[in-house]
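For reference, the structure is listed below as structure tokens.
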Amino acid sequence: MPGQASCGGTYAMRMTKAFGKTLREKPSEAEMASHELMVRAGLIAKLAAGIYDYLPLAWRSVRKIEDIMRREMDAIGGQEINMPVVNPADIWQESGRWYDIGPEMVRFKDRSGRDMCLAMTHEESVTDLARRYVDSYRQLPFVLYHIQTKFRDEPRSRGGLVRAREFIMKDAYSFHRDSEDLQRYYPHVCRAYERICNACGVPVVKVLSDVGMMGGNMAHEFTYLTDAGEDTLILCPECGYAANREVATFRKERAGTVGSELPKVGATEKVSTPGKNTIELVCDYLGVDPTASIKTMIYFPQGGEKPALVAIRGDLDINERKLANCLKTSEVRLATPEELEKFGLVQGYMSPVGLEGFTVVADDSLQEGSGYVAGANEKDFHLKNVVPGRDFKADVWADIASAREGAPCPVCGHPLDARRGIEVGNTFMLGTKYSASMGAYFRDEDGSLKPMVMGCYGMGVGRLLACIIQENRDEKGIIWPVTVAPYHVHLLSLGTSARVKDAAEGVYQRFNEGRVEVLYDDRDESAGVKFNDADLLGMPVRVTISERSLDRGGAEIKLRREKGSTIVPLEELYATVNRMIQEEFERYRQD
RNA sequence: CGGGGAGUGGCGCAGCUUGGUAGCGCGCAUGGUUUGGGACCAUGAGGCCCCGGGUUCAAGUCCCGGCUCCCCGACCA
């Protein structure tokens, strides 16, 4: 069958022989629909928090998902390899990540005391491979990928396979002569990613994202939109702008502020504002709009040396991801009230005016306008007529504001939407972060030695499986897209009469010989149990054989995703079922 | 790591307030009756009530400590 993944040569399975069972009730551990269904249908079993067994049905799907990934990665020049789960520490020390990454990476010593770790991703090992095998620009570009189990000791696993600690991931790495070549290649990966997700029945949107621990200069996420998601995306319904909230921008338009109406303001003026320790209270009290006020917070960068004083327009919120990025640190932490006290500051009355010893970071929203209200750095007092640049200087001017629903789109100005989603895959333009630090150089045409320019592209296999089920289901159970269904056909017999049994066995035989992927419910169960299990397990085509169907002339055929059914004579069953499967595949055909 | 919740046969839960023989539904086993939407009858098996300490004549229940798991947040793919 075209485009059809094989499952190790096993086409048919009797339910009386199949390992696993279905659960009638919702397991207490499951919150998300996909998680509940995967446990109830006997797809996965939890061994520990975030650590799961994949049972036979799930594993068949996993292999089909992987084959779709292979097909698409091969189509854009990928070559599959496999890299070790266990890495020696030294390559991670070379890249620096041994020191940057926290306890989410599992570290241990081997018997001779050598530092080792469980690779949570494979930039280091693939870069090591590249530096040992590549000498010349003539060998570039190339793309390697592998599909492998990874372990990250997540602070909080959730949603079954959505966020597991041990998970299967497809990771691809491309190596280029220069960044232009990477930029030419990058869109091909993005297209492949969309094709993979679409082939699996999971719609995704491509959004701008933070580079995170990978480093590099540009990154996208491929996100499945669902309320059960854990990422927040900022989307423009008008022009298609899409970004993770971590990096999303927006137009900081001003609406009738004091500053814009009064280009020239006098010296700052200290005013009494007893008890007015929030933007809302102080603005109400002084009768000014929050857009004419300055919000000030103190943060400590990771490592915690010099604190940062962060100023932003009063109506906006600080985006800690953006702040961390512009402070060139991995994360930031808000100062506690006790720490503020040590600096002689009071929460609610702070401002950058007249303070020293801080890295002052100001949001670019404050670059325009003047005559702001800001804290006086004294309890119960604020300052009026504060002019950024005149009354305080910032060490860094940057966009550190958090985009939110309703803010104007940075591209077209239309109000933005905020949606939840699950990140299925990501693509990074890494640049030379790893090749330069690990010495992966090549000789270019002009004789010069250059670091290879890299891209890396990850996609979670188990997470995609969870998304497939989250998206393709109803109140009765899973509705597998045929492309990734464990079996294509669910054959069930009702009743114990020899007539029915013989007919069902005959059909099963015929399907088996014809290599139709069929799950045969040959159990001695009541009709209700069999139908409900068939709905729960969700194979695309259901074939029912019973006294009633035989009286009506054959077997009943029903698509899981549709309501109606038809009776087909037994002689025509094989051909009809094959045609229906073909038609189902057509629905997921790409291009 | 902060906040909340839960650990009782395989699964889902009650019992704990007010200490006194460990229960229900589903599942499982055996026999029988059933078979188009989670059937019925009968019989039966299955428990370190998360762990450790304490109080008490007596602890699933009260007290102290710990572990595990789930949810929200932080963080992350």
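Reminder, nothing fancy here: chain letters follow the sequence lines and each chain counts from 1.
- Here A/S28 lies in heavy-atom contact (under 4.0 Å) with sugar-phosphate atoms only.
- With RNA chain B read from its 5' end, the first of the two nearest nucleotides for A/G495 and A/D533 is the one closest to A/G495.
- Counting non-hydrogen atoms under 4.0 angstrom, A/D551 reaches nothing in the nucleic acid.
- Among the atoms of the strands shown, none is found under 4.0 Å from any heavy atom of A/K530.
- Looking at A/R542, its side chain comes within 3.5 Å of the base of B/rG37 through a donor and an acceptor atom.
- In this structure, B/rC75 forms no base pair with any nucleotide, since neither Watson-Crick nor G-U wobble geometry is met with both distances under 3.5 Å.
- Looking at heavy-atom distances under 4.0 Å, A/R523 makes no contact with the nucleic acid at all.
- Atom CE in A/M15 sits roughly 13 Å away from atom C1' in B/rG38 (whole-Å rounding).
- The base-pairing partner of B/rC11, taking Watson-Crick or G-U wobble contacts with both distances under 3.5 Å, is B/rG25.
- Residue-level contact check: A/E221 touches neither bases nor backbone, having no heavy atom under 4.0 Å from any strand.
- As judged by a 4.0 angstrom heavy-atom cut-off over every strand, A/A164 is placed among the base-contacting residues.
- With B/rC75, B/rG12, B/rU35 as the candidates, the nucleotide lying closest to the side chain of A/E25 is B/rG12.
- Separating the OG atom in A/S209 from the CZ atom in A/F428 is a distance of 5.5 Å, to the nearest 0.5 Å.
- Within 4.0 Å (heavy atoms only), A/E525 reaches at least one base atom of the nucleic acid.
- A distance of about 35 Å separates the P atoms of B/rG25 and B/rU68, rounded to the whole Å.
- Defined by atom type and a distance below 3.5 Å, a donor-acceptor pair is present between the side-chain atoms of A/E471 and A/Y224.
- Contact annotation for A/R463: base contact, defined as any heavy-atom pair under 4.0 Å involving a base atom.
- Counting any heavy atom pair closer than 4.0 Å across all strands shown, A/K170 reaches no nucleic acid atom.
- In this structure, a donor-acceptor pair under 3.5 Å is present between the side chains of A/T232 and A/R420.
- Across all strands shown, A/G477 has no heavy atoms under 4.0 Å from either base or sugar-phosphate atoms.
- Nucleic acid contact for A/S549: base, since at least one base atom lies under 4.0 Å from a heavy atom of the residue.
- For A/A49, whose side chain is taken as the heavy atoms from C-beta onward, the closest listed nucleotide among B/rC69, B/rG12, B/rG36 is B/rC69.
- As judged by a 4.0 angstrom heavy-atom cut-off over every strand, A/K150 is placed among residues making no nucleic acid contact.
- In this structure, B/rA39 forms a base pair with B/rU33, meeting either the Watson-Crick or the G-U wobble geometry with both donor-acceptor distances under 3.5 Å.
- At the heavy-atom level, A/E154 lies under 4.0 Å from base atoms of the strands shown.
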